[in-house]
Trainee: 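One structure, pasted below without further comment.
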Amino acid sequence: MVAPVTLCLELLGIACLLATATSREVNQFPEGFLLGAATASYQIEGGWNEDGKGESIWDHMLHEHPEYGNNGDNGDVACDSYHKYAEDVQALKDLGAKVYRFSISWPRILPNGDLDVINQPGIDYYNNLINLLLENDIQPLVTMFHWDLPQALQYIGGWPNPILADYFLEYARVLFDNFGDRVKLWTTFNEPISFTRGYAGSGGQAPSQNASGIGDYLASHTVIRAHAMVYRLYNEQYRSTQNGRVGITLSTNWYEPLDDREETLAAQERMFQFEFGLYANPILVDGDYPAVVRERVDNNSRAEGRPRSRLPSFTEEEKRMINGSADFLGFNSYTTMTVFSREHGISPSMDRDSGAFRMPNYTYPTSSAIWLTVVPWGFRRVLDWASTRYPNYPIIVTENGYADYGDLDDQERISYYGQYLAEMLKAINEDGVNVIGYTAWSLLDNLEWNSGFSVKFGIYHVDFNSTERTRTPKASASFLAGIYRNMSVPEEYFQ
Ligand code: PNW
């Protein structure tokens, strides 16, 4: 199938390049498309205090408060990937992955978060992993930060403290110096909207600080500055020799308005802006927060009798630094929720500031994660939305996947991937969205944060009852391997 717009161009004899790019069937991936799988350090590594690793905020919190985890589950051992990374690479090889997205544990490299101790065994671990990946023709896509902040930096306040941006910059320099010769795809942060929630309540999301509506904005503010500082550092000192690309991973669901009333559509827009635009607008659009976020937080702060807005401001110099500080957009998306206008949430809170309420639509097939229902068409819509709102940035889908209870014959997961990948291919081949890669979440069943090992996202089963942490491919692993090998999704998923 050829997109009509391309046909017109072809008839006019314009743009051969465009024509070749889109003359493939709708179910085929573009040449060079990066297909692979994703994980994150705290969720898989274990070895929480081995070989000089420092304590992370998740280690600390789940040791102090096992009740915040599920059944006392924590990441002390997890999938034991600290020892079993070679099996992970073999699993990726069997999958036919061209890319592996993993994260580096900051406290494994810098146990105190600072340069006072640089932990060589930690560097060796990631060097071994990276080298083995490259020997197997698998490209590393490295997340510098996926929530496991060194506890030492939480003792000085964590992300709400602006000095964390300097610490992050110094950590990033260590990563570029040690791994940048071989790592060509970097994302600074995974889902700031998720981990800054650790400052928005006492609900057990590390570091579980109760500063709703204040700490979360302060944390986001530092994170955006830190991201941009690292991007500029790469440009100035590494790009010319290392030639890689640096981006950030942001997440959003598709938000389907409950009805088509104006106030509902405005709530849909606010939902997107508070969750995604909060980061995407400064970094990808104009160096500053979305106007609707600025206005609502400022107004609420004033109404609360505060002398300053709970949402900090960037200086003009910071805006220039932040604006355009990404080579690509890492994009995590799993589901669709229904959204409508409603005052809700405690005061102060981001929920209350947003005035938008979202909920899963349970008329769609459910999963073992309460927030995740299977709505394939929403994936195409959200990709279309992101590429329209934030044009000029290639997208790598850094997470997408399905949660179940662990069956090896995971037909629901197969159905999820088949349908979601089909919708992504429609976005690419019919709507012209510039997606250049996709890493399935997740390579392995792993520690799903507060839900522990009960919520399973893996295409490989991990036996958490065995000290071997045996990996076994699920049916979905061979399904995806077929897609990765053929670079196409079976046609039945397009009907
Ligand atoms: C992501 N939601 O978090 C994280 O990056 C992963 O570490 C995590 O394991 C994975 O998704 C699965 O949960 C999300 O409510 C958490 O829409 C919640 C949502 C989305 C992503």
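This structure is a prediction, so every number in the text was calculated from the model and none was measured. Whatever order the structure lists ligands and atoms in, that order sets their numbers, starting from 1.
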Trainee: Counting both backbone and side chain atoms, is some N or O of His146 under 3.5 Å from an N or O of ligand 1?
Mentor: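 N/O-N/O distance under 3.5 Å: yes.
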Trainee: Check the side chains of Ser81 and Arg471 for a donor-acceptor pair under 3.5 angstrom, ignoring hydrogens and angles.
Mentor: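 Short answer, yes.
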Trainee: To the closest 0.5 Å, what do you measure between OG1 (Thr143) and CD1 (Ile104)?
Mentor: 9.0 Å
Trainee: Does the Asp73 side chain pair with the main chain of Gly452, one donor and one acceptor, at a distance under 3.5 Å?
Mentor: no
Trainee: Show the atoms of ligand 1 that are less than 4.0 angstrom away from any heavy atom in Asn190.
Mentor: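 Near Asn190, the atoms of ligand 1 are 5 (O).
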Trainee: Tell me the protein heavy atom at minimum distance from atom 10 (C) of ligand 1, and give that distance in Å.
Mentor: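 Of the protein heavy atoms, Tyr334 OH, 3.2 Å lies nearest.
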Trainee: Considering only the protein, which heavy-atom contact is closest to atom 4 (C) of ligand 1, and what is its distance?
Mentor: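 Nearest protein contact, heavy atoms only, for atom 4 (C) of ligand 1 is Glu399 OE1, 3.3 Å.
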Trainee: When you look at CG of Asp260, are more than 12 heavy atoms from neighbouring residues, nucleotides or ligands closer to it than 6.0 Å?
Mentor: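 Counting neighbours around CG of Asp260, 12 or fewer heavy atoms of other residues, nucleotides or ligands fall under 6.0 Å, so no.
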Trainee: Using distance alone, with no hydrogens and no angle criterion, decide if Tyr82 and Glu50 have a side-chain donor and acceptor under 3.5 Å apart.
Mentor: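 No.
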Trainee: What are the atoms of ligand 1, with element, lying closer than 4.0 Å to any heavy atom of Asn253?
Mentor: 17 (O)
Trainee: Is there a polar contact, in the sense of an N or O pair closer than 3.5 Å, between Trp371 and ligand 1?
Mentor: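 Trp371 vs ligand 1: no N/O contact under 3.5 Å.
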Trainee: For atom 13 (O) of ligand 1, which protein heavy atom lies nearest, and how many Å away is it?
Mentor: Glu448 OE2, 2.6 Å
Trainee: Please tell me whether Tyr334 and Trp371 form a close aromatic pair, meaning their ring centres lie under 6.0 Å apart.
Mentor: yes
Trainee: Could you find the nearest protein heavy atom to atom 3 (O) of ligand 1 and give me its residue, atom name and distance?
Mentor: Glu191 OE1, 3.3 Å
Trainee: Record the part of Trp147 in heavy-atom contact with ligand 1 below 4.0 Å; permitted values are side chain, backbone, both and neither.
Mentor: neither
Trainee: Which residues pass the side chain to side chain contact (heavy atoms under 4.5 Å, CB included) test with Asn465, not counting sequence neighbours?
Mentor: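 Partners of Asn465 under the side chain to side chain contact (heavy atoms under 4.5 Å, CB included) test: Asp463.
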